[in-house]
Amino acid sequence: MAPSAVSYTHDEPVGSGHAPTATAKMAALPHHNAVPVGKATEQEAIEEMAGKWSDFKFKPIRESQVSRAMTRRYFNDLDTYAESDIVIVGAGSCGLSTAYCLAKARPDLKIAIIEAGVAPGGGAWLGGQLFSAMIMRKPADAFLRELGVPYEDADDSFVVVKHAALFTSTVLSKVLQFDNVKLFNATTVEDLITRPDANAMGGIRVAGVVTNWTLVSMHHGDQSCMDPNTINAPIIVSTTGHDGPFGAFCAKRMVGMGGMAALGGMRGLDMNIAEDAIVKGTREVAPGLIIGGMELSEVDGANRMGPTFGAMALSGVKAAEEALKVFDERKAQCSEGGKY
Ligand code: AHZ
């Protein structure tokens, strides 16, 4: 269970000209001891090493043990997640929030996250214009409390996390601790798996993703024939952000295949309109494909909100809800009579 968040307020008189100081200390989040899985030897506490560095020695290892310890697990994961229940494309603030809610609600589902970057987190490592603080408009502070992220209750309308990286590292670490989640980073979704569907626009529904190492994906122009890999899944949640070198990927691909109408294109910045619209609009845009976060602004022609992140968190909460609403129906459609 997530540790409870502690918020802090400041008691400087408004307009005193001083930066607000925390009266209650920032919460010291409990640092749980790591729990080893498959404990092989007696554990040593770090304190026991103190002052004994001249005799210090790591346990012996052969290089192939390291290679096998990594590759066996990775290839086992590729095998396990080749049939996933839900694939989340993009591990930005919206994708990670979606993953947290889904993994917590349904420990029985296999959830794969595909992230093009080496570092998951998307645009949520900094606030805005490379500043540190992350602003979340209320009521998205509820998600911070759920995660146990400390924040400053600065105003009636919004709260402040002292560094965006505190939010991102916390949600990321919680997501990765769920047994039913696998993050494949440095991996790009470069196409969608589709199936015929007479009732859907363009006659197709989405039934999985086509992946490749991002570095390979980036070199299709100058290296020939580098075929991809695939993951079958009844639900894809796409949160690839607004248009850019990688952004809005699934929306653009669906439009290209006639599975969705032309993109509305992200509009200029209006925080008030944008955040409500993204949360409310998060939905299944085509059978099997849910779009949330800023990718949705490209679909709906919604405004951008810039450096305020409440909508990304709550769009993730809603994306998870929408996914679970249609999961059973899409899974039945994708079972294909056990034929393929
Ligand atoms: O690397 C991308 C990023 O981490 C990843 N991604 C994009 N295309 C991908 C693909 N396969 C796999 N084809 C892909 N991964 O998706 C992630 C998107 O994260 P993000 O932070 O850009 O999107 P978000 O919707 O979670 O948050 C957007 C926050 C805002 S609002 C805003 C503005 O109004 O200007 N700008 C940002 C960054």
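Values below: every heavy atom of this structure, side chains too, minus hydrogens, waters and symmetry copies. First listed ligand is number 1; within each ligand, the first listed atom is number 1. Being a predicted model, the structure only gives us computed values, none of them experimental.
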Mark up the atoms of ligand 1 that fall under 4.0 Å of a heavy atom belonging to [X], in ascending order.
| X | answer |
| --- | --- |
| Gly241 | 18 (C), 22 (O), 23 (O), 25 (O) |
| Gly293 | 25 (O) |
| Val89 | 11 (N), 12 (C) |
| Gly90 | 5 (C), 15 (N), 16 (O), 17 (C) |
| Met312 | 24 (P), 25 (O), 27 (O), 28 (C), 29 (C) |
| Gly122 | 3 (C), 4 (O), 19 (O), 21 (O) |
| Gly92 | 17 (C), 19 (O), 21 (O), 26 (O) |
| Ile114 | 12 (C), 15 (N) |

Problem - Residue-ligand contact Glu190/ligand 1, heavy atom below 4.0 Å - result: no

Could you state the interatomic distance from [atom1] ([X]) to [atom2] ([Y]), rounded to the nearest 0.5 Å?
| X | Y | atom1 | atom2 | answer |
| --- | --- | --- | --- | --- |
| Asn76 | Lys182 | CG | NZ | 10.0 Å |
| Asn303 | Arg267 | CG | CZ | 8.0 Å |
| Met266 | Asp243 | CE | CG | 8.5 Å |

Between [options], which one has a non-hydrogen atom sitting closest to [atom]?
| atom | options | value |
| --- | --- | --- |
| atom 7 (C) of ligand 1 | Ile291, Thr240, Asn303 | Thr240 |
| atom 25 (O) of ligand 1 | Met294, Glu115, Lys252, Met271 | Met294 |
| atom 21 (O) of ligand 1 | Pro120, Ala91, Gly123 | Gly123 |

What protein heavy atom lies closest to [atom]? Include the residue and the distance to one decimal.
| atom | answer |
| --- | --- |
| atom 36 (N) of ligand 1 | His242 NE2, 3.4 Å |
| atom 8 (N) of ligand 1 | Phe246 O, 3.0 Å |
| atom 11 (N) of ligand 1 | Val189 N, 3.0 Å |

Practice task
Quick one: name the residues clustered hydrophobically with Leu130, using the 4.5 Å side-chain heavy-atom rule over I, L, V, M, F, W, Y, and just say none if it's on its own.
Solution key: Leu126

Handout entry: Plane angle bin for Phe58 and Phe56 - parallel if under 30°, tilted between 30 and 60°, otherwise perpendicular
Key = perpendicular

Looking only at N/O atoms, are [X] and ligand 1 under 3.5 Å apart anywhere?
| X | answer |
| --- | --- |
| Gly306 | yes |
| Cys94 | yes |
| Ala116 | yes |
| Arg304 | yes |
| Met305 | yes |

Exercise for the section: For the residue pair Val189 and Arg253, establish whether any side-chain heavy-atom pair is separated by less than 4.5 Å. Expected result: no

Practice task
Would you indicate whether the side-chain heavy atoms of Lys252 and Val255 approach each other to under 4.5 Å?
Solution key: no

Is it true that [X] and [Y] have a side-chain N and a carboxylate O under 4.0 angstrom from each other?
| X | Y | value |
| --- | --- | --- |
| Arg283 | Asp300 | yes |
| Asp77 | Arg73 | no |
| Arg330 | Glu284 | yes |

Practice task
Indicate whether the side chain of Thr211 and that of Thr187 have a donor and an acceptor atom separated by less than 3.5 Å.
Solution key: no

Exercise for the section: Mind checking side chain to side chain contact (heavy atoms under 4.5 Å, CB included) for Ala103 and listing every partner two or more places apart, or none if nothing turns up? Expected result: Ile111, Phe178, Asn180, Val181

Exercise for the section: May I ask you to identify, for Thr239, whether its side chain, its backbone, both or neither come under 4.0 Å of ligand 1 on a heavy-atom basis? Expected result: backbone

Problem - Neighbour count above 12 (heavy atom, 6.0 Å) for Met218 CE - result: no

